[in-house]
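Here the structure comes first, spelled out in C-alpha cells, and everything after it is commentary.
Values reported hereafter were calculated over all heavy atoms of this structure, with side chains retained and with hydrogens, waters and symmetry mates removed. Nothing fancy with the numbering, it's 1 onward along the sequence. Remember, it's 1-based here, ligands and their atoms both numbered in the order they're listed.
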Amino acid sequence: MTTNSGSGNRLKIAIQKSGRLYDDSIKLLKDCGIDIKNGVNKLKAEAENFPLEVYFLRDDDIPQYVEDRVADIGIVGENVLYEKQKQTTLVEKLGFSKCRLSVAINKGDSYNGPAYLQNKIIATSYPVLVNDFLKKNNITAEIHEISGSVEIAPGIGLSDAIVDLVSSGSTLFMNGLKEVETVLKSEAVLVRNNELDAEKLKLLEKLLFRIRAVRKAKNNKYILLNAPNANLEKICSLLPGMRSPTVLPLAEQGWSSVHSVLSENEFWEIIEQLKDAGAEGILVIPIEKMIG
Ligand code: ATP
Ligand code: MG
C-alpha cells in the first residue's frame, strides 16, 4: 500500500487525533520544519514541505495501523505500544508525554510489596501489562478490565487496587488512593512498520535527522559571557562547547568574550562556577536546531 504523488513516495505517519499526545506530536513536526494543515475532524492531511502524510487516529489504534502498514510510522505512548503487543519497531524515544503506569491502593492501607495484591481484584485498562507484572512477581490476582475512570473503582467497591497512568498523582489523591509501585515508565515514542522499503527508510532517516537535531537543541543552551583574560583558562575548562569554546577579544584590554553550548542538566551548577571564576554579563540563548 503506497501512495505515489509526483516526486515519489510519501511517508505516512499516524498521530493521535486529540488528547495528551496531540499537541506535542504536532509541535515536534513543526519544529522539524514540517507544516501540516489539518482541518477539524479530518482523518488525513498532507505536509506542505516534506513528503509526509499525516493520519489522525485514536492512540489505541496506532500500533495496529503501523503493523498493517496503513501508516508507515506512528507516534504513541510506550504504555499503549506494549499493551497492544503488535509487531512494530521502536525507532526513537521522543521525551514528551512522560508518565508512569502504577499500582495504587487505598491511602490508609499499608503496602508490603507486590504480595499485597495476592488474591485481590485489580481494576485497569492495561490487562496485558498487569498480567505480565503479576506473573513476574508470582502473584495470583483477578484483573477487572475497565476502559476509563479507573481511579474510582476502589471507591465504588469494584476493586481493591488499580493499575493506571499517573503523572502528578493528584487524580489518585483526590480519589483517596496512593501510588505504591511502578509497573512501567512511559513516554511518547516513534515506531515504524517492520518491513518498510528502502525508499521509505530513507525518508524516515531524513525525518529522524531533524527530530534528533530539534531534541538536542532543546536540551542545550547557547551561552555568551565576558571573562577577564587572567581567568580564561579556568572559565574555558568549565565550558566544553560543541568542539571547544569560541574566544574573542573585547575592545577593552584584558577581557574576552567567550561563546559556548551548555547542556540543560548541568546548567545551573556551571553558571555558579562561572560566576565564581569572574565571568560577567552572562547571556543564555535558546538554540533552535543543533547538528553534529
Ligand atoms: P484516545 O481518544 O486517542 O484513545 P486516550 O483518552 O486514550 O485518547 P489520552 O488521555 O489523550 O488518551 O493519553 C494519551 C497518552 O498520553 C497516554 O497513553 C500516555 O502515553 C500519555 N500520558 C501522559 N501523561 C498522562 C497522564 N497523566 N494520564 C494519562 N495519560 C498520560
Ligand atoms: Mg486511547
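Nearest protein heavy-atom neighbour of atom 9 (P) of ligand 1: Gln16 NE2, 3.8 Å. Among protein heavy atoms, atom 30 (N) of ligand 1 sits closest to Leu165 CD1, 3.2 Å. Looking from atom 31 (C) of ligand 1 to the surrounding protein, the closest heavy atom is Arg20 CD, 3.3 Å. The closest protein non-hydrogen atom to atom 20 (O) of ligand 1 is Asn79 OD1, 2.7 Å. The protein heavy atom nearest to atom 24 (N) of ligand 1 is Cys99 CB, 3.5 Å.
Annotation: cation-pi geometry satisfied between Lys107 and Phe173 (NZ/CZ under 6.0 angstrom from ring centroid, within 45° of ring axis).
Using a 4.0 Å threshold on non-hydrogen atoms, atom 3 (O) of ligand 1 counts as touching the protein.
Close contacts of ligand 1 with Val80, meaning ligand atoms under 4.0 Å from a residue heavy atom, involve 18 (O). For ligand 1, the atoms sitting less than 4.0 Å from at least one non-hydrogen atom of Asp60 are 4 (O), 7 (O), numbered in the order shown with element in parentheses. Every atom of ligand 1 with a heavy atom of Gly77 under 4.0 Å away is listed here by number and element: 20 (O). Near Gly19, the atoms of ligand 1 lying under 4.0 angstrom from a non-hydrogen atom of the residue are 11 (O).
The backbone and the side chain of Arg58 each have at least one atom closer than 4.0 Å to an atom of ligand 1 (non-hydrogen atoms only). Here Ser167 has heavy atoms under 4.0 Å from ligand 1 in both its backbone and its side chain.
In terms of polar-atom proximity, defined here as any N/O pair under 3.5 Å, Ser97 makes no such contact with ligand 1. Any N or O atom pair closer than 3.5 Å counts here, and Asp59 shares at least one such pair with ligand 1.
Salt bridge annotation for Glu46-Arg10: present, with a cationic side-chain nitrogen under 4.0 angstrom from a carboxylate oxygen. For the pair Glu92 and Arg215, the salt-bridge criterion is not met [side-chain N within less than 4.0 Å of a carboxylate O]. At a threshold of 4.0 Å, the pair Asp31-Lys218 counts as salt-bridged, since one of the basic side-chain nitrogens sits closer than that to a carboxylate oxygen. Under the 4.0 Å criterion applied to side-chain N and carboxylate O atoms, Lys37 and Glu48 are assigned as salt-bridge partners. A salt bridge links Lys200 with Asp72: at least one charged nitrogen is closer than 4.0 Å to a carboxylate oxygen. For Glu78 and Lys93, the salt-bridge test passes: some basic side-chain N is under 4.0 Å from an acidic carboxylate O.
For the side-chain hydrogen bond (donor to acceptor under 3.5 Å, both in side chains) condition, no pair includes a residue of residues 279-292, sequence neighbours left out.
Expressed to the nearest 10°, the angle at the Mg ion (ligand 2) joining OD1 in Asp60 with OD1 in Asp59 is 80°.
In summary, the side chains of Gln64 and Asp68 do present a donor paired with an acceptor at a separation below 3.5 Å, with no hydrogens or angles considered.
The aromatic rings of His259 and Tyr222 lie perpendicular to each other, with more than 60° between the two planes, well past the 30° mark.
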